[in-house]
Amino acid sequence: MGAFNFTHSDPSSFILTGIPGLEAAHIWISIPFSTFYIISLFGNFTLLCVVGKEQTLHKQMYLLLCMLALTDIATPTFVVPKALGIFWFNLKGITMAGCLTQMFFLHMVSVMHSAVLVTMAFDRYVAICNPLRYVTILSNAQIAKLGLVGLIRSVLFILPLPLLLSQQPFCAKRIIPHTQCEYTAVFKMACGDIRVTRIYGLVLMFVINGFDLTLIALSYGLIIRAVLRISSKKAHQKVLNTCTTHICVMLTYYTPGLFSNLTYWFGQGIAPHIHIILADLYLLIPPMLNPIIYGVRTKELRDKVGKYICCRR
């Protein structure tokens with residue numbers, strides 16, 4: 001297939017190379033990429049449709065699940081179509097505006113995803129530790145407001161990244177060894193002084209992840225303390241089942257994300273294609289697994305999904 005190389009015709013464009021060293025395997029790599037993406041879209045759209053149609057699911061927890069599903073739909077959608085264009089048709093060119101726009105939305109949605117997970121942890125804390133005031137403290141309107149705050153936080157924190165990079169001069173080749181305009185991959189091409197940009201990116205990573213993980217750990221610490229005070233084994237089991245589902249979702253999101261970021265910043269000895277594959281899997285695996293985890297472990301949702309699918313048939 002012919003390469004669409006815009007480097008010489010448009011000096012403001014970049015070239016996304018895909019996965020360096022594995023170009024011959026791009027077609028094969030595209031198979032899991034597209035499969036994970038299709039499963040992710042199907043699972044998350046099904047969740048949104050079921051919650052939207054079933055009045056009994058119009059509760060705080062399911063509203064949060066819908067927010068999570070929206071971020072899970074958006075995250076791979078900003079990456080997979082362009083990656084498949086590279087793998088299938090060698091469409092490697094991307095304008096600077098397109099690159100910075102993709103970067104902004106990718107990281108903005110990622111921070112929003114983290115904010116939803118924090119809200120879900122707080123939701124479980126209130127439901128278990130203060131059940132009598134649960135509806136008062138976390139009404140659907142309050143959940144919607146928290147979602148809006150999370151969105152505003154995401155935009156304000158991430159917007160400086162593309163703005164700072166847009167002021168930088170870039171090297172002549174403008175080749176990004178990646179399938180996406182990932183922040184660290186782009187700023188490494190800058191030929192100017194990138195100290196401010198680099199420091200802001202590092203601080204942002206540690207502040208957001210550190211702050212959000214601290215709030216989540218605090219919520220679950222208080223939940224565990226409350227559970228240990230309950231004498232009923234049945235109540236123990238119910239609480240643990242609920243918390244285990246949330247913890248599984250959080251682990252699938254934060255663990256590969258932190259590992260991917262740390263290997264970029266501090267894993268100079270790791271092969272470049274490993275960095276890129278980890279970054280892509282971080283954007284593909286959690287959106288695919290989240291609706292499956294909730295569908296399997298939440299009986300009410302599982303029953304409604306079964307009913308919805310049967311009715312559609």
Side-chain angles (χ1 to χ4, degrees), residues 14 40-41 44 48 60 63-82 94-123 138 140-168 176 178 180-187 190 194-216 219 249-250 253-254 256-258 260-261 264-265 279-280 282-284 286-287 290:
F14 296 130
S40 172
L41 290 181
N44 286 293
L48 288 171
Q60 294 88 329
L63 180 58
L64 286 169
L65 282 183
C66 287
M67 290 183 188
L68 194 68
L70 289 172
T71 64
D72 284 340
I73 290 168
T75 300
T77 299
F78 290 126
V79 174
V80 174
K82 181 59 183 176
I94 186 169
T95 64
M96 178 184 283
C99 191
L100 295 180
T101 300
Q102 185 193 49
M103 177 201 303
F104 168 73
F105 281 109
L106 266 178
H107 292 287
M108 186 270 288
V109 171
S110 179
V111 175
M112 181 63 195
H113 190 113
S114 185
V116 173
L117 293 180
V118 172
T119 309
M120 291 174 81
F122 179 63
D123 170 79
L138 281 178
N140 285 352
Q142 289 296 104
I143 293 290
K145 288 177 184 177
L146 288 172
L148 181 60
V149 170
L151 179 61
I152 292 170
R153 181 190 79 150
S154 305
V155 172
L156 292 179
F157 278 0
I158 298 302
L159 189 58
L161 289 179
L163 291 179
L164 285 169
L165 283 172
S166 68
Q167 306 303 313
Q168 289 289 335
I176 304 174
H178 213 301
Q180 54 178 282
C181 289
E182 207 274 338
Y183 167 67
T184 50
V186 175
F187 91 73
I194 59 169
R195 282 177 297 178
V196 174
T197 310
R198 184 183 177 87
I199 290 169
Y200 184 78
L202 268 173
V203 169
L204 198 63
M205 181 183 77
F206 285 111
V207 166
I208 291 175
N209 286 330
F211 180 72
D212 289 357
L213 284 170
T214 299
L215 289 179
I216 290 169
S219 296
V249 168
M250 289 170 192
Y253 176 74
Y254 285 112
L258 285 172
S260 175
N261 283 326
Y264 253 119
W265 290 98
D280 288 334
Y282 162 58
L283 299 174
L284 287 167
N290 288 346

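Keep in mind that the numbers below use all heavy atoms, side chains included, and drop hydrogens, waters and symmetry copies. Treat the numbers as computed from the prediction; the structure is a model and nothing was measured.
Partners of F78 under the ring pair (Phe, Tyr, Trp, His ring centres under 6.0 Å) rule, at least two apart in sequence or in another chain, are F105. Residues forming a side-chain contact (heavy atoms from CB on, under 4.5 Å) with S219 (at least two apart in sequence, or on another chain): A121, Y125. Remark: T77 engages Y37 in a side chain to side chain donor-acceptor pair (under 3.5 Å) (not counting sequence neighbours). For L48, the side-chain contact (heavy atoms from CB on, under 4.5 Å) criterion is met by F45, C66, A69, L70, I73, not counting sequence neighbours. Partners of L63 according to the side-chain contact (heavy atoms from CB on, under 4.5 Å) rule, which considers only residues two or more places apart in sequence or in another chain, are M67, N140, I143.
Residue pairs meeting the side chain to side chain donor-acceptor pair (under 3.5 Å) criterion with at least one partner in residues 104-120, sequence neighbours excluded, are T71-H113, D72-H113, S110-Y253, S110-Y282, S114-D212, S114-Y254. Every pair tested for salt bridge (Lys or Arg N to Asp or Glu O under 4.0 Å) that includes a residue from residues 103-114 fails, sequence neighbours excluded, so the list is empty. Within the structure, no pair that satisfies the salt bridge (Lys or Arg N to Asp or Glu O under 4.0 Å) test touches residues 101-110, not counting sequence neighbours.
L68 has its side chain within reach of L117: a pair of non-hydrogen atoms, C-beta onward, lies under 4.5 Å apart. Considering only heavy atoms from C-beta on, P286 stays 4.5 Å or farther from T75 through its side chain. The side-chain heavy atoms of M120 and I216, taken from C-beta on, include no pair separated by under 4.5 Å. Between K145 and V149 the shortest side-chain heavy-atom distance does not fall below 4.5 Å.
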Show the numbers, then the answer: is there a side chain to side chain contact (heavy atoms under 4.5 Å, CB included) between E182 and I176?
-> CA-CA 9 Å; E182 207 274 338; I176 304 174; over 6 Å; no
For a side chain to side chain contact (heavy atoms under 4.5 Å, CB included) check, start with the C-alpha distance between Q168 and I194, then their side-chain angles and the critical distance, and finish with the verdict.
CA-CA 8 Å; Q168 289 289 335; I194 59 169; 3.9 Å; yes
- Message: Between L204 and V111, is the side chain to side chain contact (heavy atoms under 4.5 Å, CB included) condition met? List the steps.
- Response: CA-CA 10 Å; L204 198 63; V111 175; 5.9 Å; no
Might you work through the side chain to side chain contact (heavy atoms under 4.5 Å, CB included) test for R153 and I208, ending with a clear yes or no?
CA-CA 10 Å; R153 181 190 79 150; I208 291 175; 4.3 Å; yes
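To the nearest 0.5 Å, the span separating OG1 on T101 from CG on L106 amounts to 11.0 Å. A distance of 10.5 Å separates CE of M250 from CG of N290, quoted to the nearest 0.5 Å. We find the CD-CG distance between Q60 and L65 to be 12.0 Å, quoted to the nearest 0.5 Å. The CD atom of Q180 sits 10.5 Å away from the CD1 atom of I94 when rounded to the nearest 0.5 Å.
L156 approaches Y200 most closely through the heavy-atom pair O-OH, 4.3 Å. Of all heavy-atom pairs spanning F187 and R198, the tightest one is CZ-NH1, 3.4 Å. The minimum heavy-atom distance between G150 and A115, with the atom names listed, is CA-CB, 4.0 Å. Taking every heavy atom of both residues into account, M112 and L151 meet most closely at SD-N, 3.3 Å. The minimum heavy-atom distance linking N44 with P287 is given by the pair ND2-O, 3.0 Å.
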Using residues 158-167 as the side-chain source, report each donor-acceptor pair under 3.5 Å to any protein atom, sequence neighbours left out, with the distance given to one decimal.
from, atom 1, to, atom 2, distance (Å)
S166, OG, P162, O, 3.4
S166, OG, L163, O, 2.7

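Between the D123 side chain and the L138 main chain, no donor and acceptor come within less than 3.5 Å of each other. Between the side chain of Q102 and the main chain of C181, a donor-acceptor pair closer than 3.5 Å is present.
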